[in-house]
Amino acid sequence: MPELPEVETVLQALKPHLVDNKFTSIKTYVPKLRGPLELEDRPELLNQSIVELYRRAKYMILTLANNYGLIIHLGMTGSFRLESTSLQRQKHDHAEFYLLSGLVLRYNDPRRFGQLVVTEPGNNILEHKLLIHLGPEPLTESFDNTWLARVCKGKKKPIKSLIMDNATVVGVGNIYASESLSLAGINPLVAAGTVTKKRLKRLTEAIKHVLTAAIEAGGTTIKDYTSLNGEEGKFVRELMVYGKAGQKCSGCNRGIIKQVYQSGRSTYYCPVCQR
DNA sequence: AACACGTCCTGAGCGC
DNA sequence: TGCGCTCAGGACGTGT
């Protein structure tokens with residue numbers, strides 16, 4: 001389940017192979033993923049140098065020399081393989097990008113929650129409807145305790161739901177939300193508006209710390225996630241609470257990790273050291 | 001306005 | 001052994 005660190009890891013792996021390369025042909029095998037998949041019969045995407053590949057939230061953005069672009073979201077189970085064209089297409093490979101370098105980039109996504117969207121030249125890609133409403137990037141100065149306090153003010157919904165909201169901060173999914181709250185010592189269930197400024201500062205720092213450490217570890221592999229060509233993320237070894245229901249908390253060494261459900265998502269926390 | 005919840009999707013894991 | 005059920009969750013859309 002790719003969150004920001006996983007997307008960042010994939011992005012860095014893809015970059016050297018894609019930038020300055022060109023798509024020579026693109027094939028798709030399903031009519032839609034999360035939205036329509038309209039990459040075939042688009043000559044404007046072919047034989048144009050790939051200029052940039054960067055990230056905004058959990059989206060990867062690829063731009064071409066003619067200012068067409070591609071917005072890519074891996075959803076829950078999306079992954080890329082870069083490989084020889086002599087290798088067979090696999091089950092759930094929904095799109096193939098044949099490259100001038102001779103390799104093929106294959107997009108695999110069993111649950112088809114991902115998105116591959118073409119953008120037209122002329123508009124700022126960051127103002128695309130998928131991107132325009134996104135909040136600050138967690139690893140920049142624009143995400144700080146002042147901002148978080150402003151967003152939390154008066155909010156009754158649980159702090160965990162709030163930090164998973166892309167309008168508050170982007171890239172924090174279910175795993176890193178639980179992990180960040182664990183590190184900050186905050187109970188995920190408490191109303192966001194009741195968390196003190198001091199604790200929100202700790203939370204801001206915890207989010208930055210956890211995401212940075214996860215990027216360094218190449219992400220977290222729980223079930224589906226792998227980076228390019230099947231590499232697994234090692235942050236799973238550093239998890240404090242996620243997926244550890246019933247185990248003793250390694251933070252305080254006293255509490256037993258509890259699993260609760262918040263709007264259909266599982267949340268893990270230590271009832272002793274997260275108050 | 002704020003928040004909750006349904007929806008999309010497939011495969012793993014489990015109980016019987 | 002095999003079937004059917006439940007769960008996993010990102011982000012948008014809809015309902016309250």
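Every chain is numbered from 1 and lettered A, B, ... according to where its sequence line falls, protein lines coming before strand lines.
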**Request:** Please name all residues satisfying salt bridge (Lys or Arg N to Asp or Glu O under 4.0 Å) with A:Glu38, sequence neighbours left out, ordered by chain then number.
**Result:** none
**Message:** Counting only side-chain nitrogens and oxygens, does A:Gln259 get under 4.0 Å of the OP1 or OP2 atom of C:dC7?
**Reply:** no
**Asked** Taking only side-chain nitrogens and oxygens of A:His92, does any of them come within less than 4.0 Å of OP1 or OP2 of B:dG11?
**Response** yes
**Fill in**
note: A:Ile72, atom CD1; C:dA11, atom P; distance rounded to Å ~ 15 Å
**Asked** Atom CZ of A:Arg55 to atom P of C:dG10: distance rounded to whole Å?
**Response** 15 Å
**Request:** Give the rounded distance in Å between these two atoms: CD of A:Gln90 and C1' of B:dT10.
**Result:** 16 Å
Which donor-acceptor pairs under 3.5 Å do the side chains of residues 115-125 of chain A make with protein atoms, sequence neighbours left out?
residue, atom, partner, partner atom, Å
A:Thr119, OG1, A:Gly69, N, 3.3
A:Glu120, OE2, A:Arg42, NH2, 3.3
A:Asn124, OD1, A:Leu126, N, 2.9

**Message:** With a 4.0 Å cutoff (strictly under), does any side-chain N or O of A:His73 reach OP1 or OP2 of C:dG10?
**Reply:** no
**Request:** Give a yes/no on whether any side-chain N or O of A:Tyr261 is located under 4.0 angstrom from OP1 or OP2 of C:dT6.
**Result:** no
**Request:** Describe the nucleic acid contact of A:Lys129 in one word from base, sugar-phosphate, nothing, applying a heavy-atom distance below 4.0 Å.
**Result:** nothing
**Message:** Any base atoms under 4.0 Å from A:Asp109, or only sugar-phosphate, or nothing? Heavy atoms, all strands.
**Reply:** nothing
**Prompt:** Given atom CG of A:Asp165 and atom P of C:dG13, what is their separation to the nearest angstrom?
**Reply:** 14 Å
**Message:** Taking side-chain hydrogen bond (donor to acceptor under 3.5 Å, both in side chains) as the cut-off, I'd like each qualifying pair that reaches into residues 148-164 of chain A, sequence neighbours left out, listed once.
**Reply:** A:Lys160-A:Asn174, A:Lys160-A:Thr267
**Request:** Name all pairs fulfilling the side-chain hydrogen bond (donor to acceptor under 3.5 Å, both in side chains) condition that reach into residues 206-217 of chain A, sequence neighbours left out, sorted by first residue then second.
**Result:** none
**Asked** What is the distance from CG of A:Leu33 to C1' of C:dG10, rounded to the nearest Å?
**Response** 14 Å
**Asked** Among A:His92, A:Gln90, A:Glu96, whose side-chain hydrogen bond (donor to acceptor under 3.5 Å, both in side chains) with A:Arg106 holds?
**Response** A:Glu96
**Prompt:** Are A:Arg55 and A:Glu8 within salt-bridge range, i.e. N to O under 4.0 Å?
**Reply:** yes
**Distance, rounded to the nearest Å, where A:Met76 contributes CE and B:dA12 contributes C1'** = 13 Å
**Item:** Base versus backbone protein contacts along nucleotides 2-9 of chain B [heavy-atom cut-off under 4.0 Å; B, S, -]
**Value:** -SS--BBB
**Request:** Could you tell me the separation between the CG atom of A:Leu130 and the C1' atom of C:dC12, rounded to a whole number of Å?
**Result:** 10 Å
**Request:** Quick one: which residue pairs count as a side-chain hydrogen bond (donor to acceptor under 3.5 Å, both in side chains) with a foot in residues 188-204 of chain A, not counting sequence neighbours?
**Result:** A:Lys201-A:Glu205
**Prompt:** Which whole-number value in Å describes the distance from A:Glu3 CD to C:dA11 C1'?
**Reply:** 13 Å
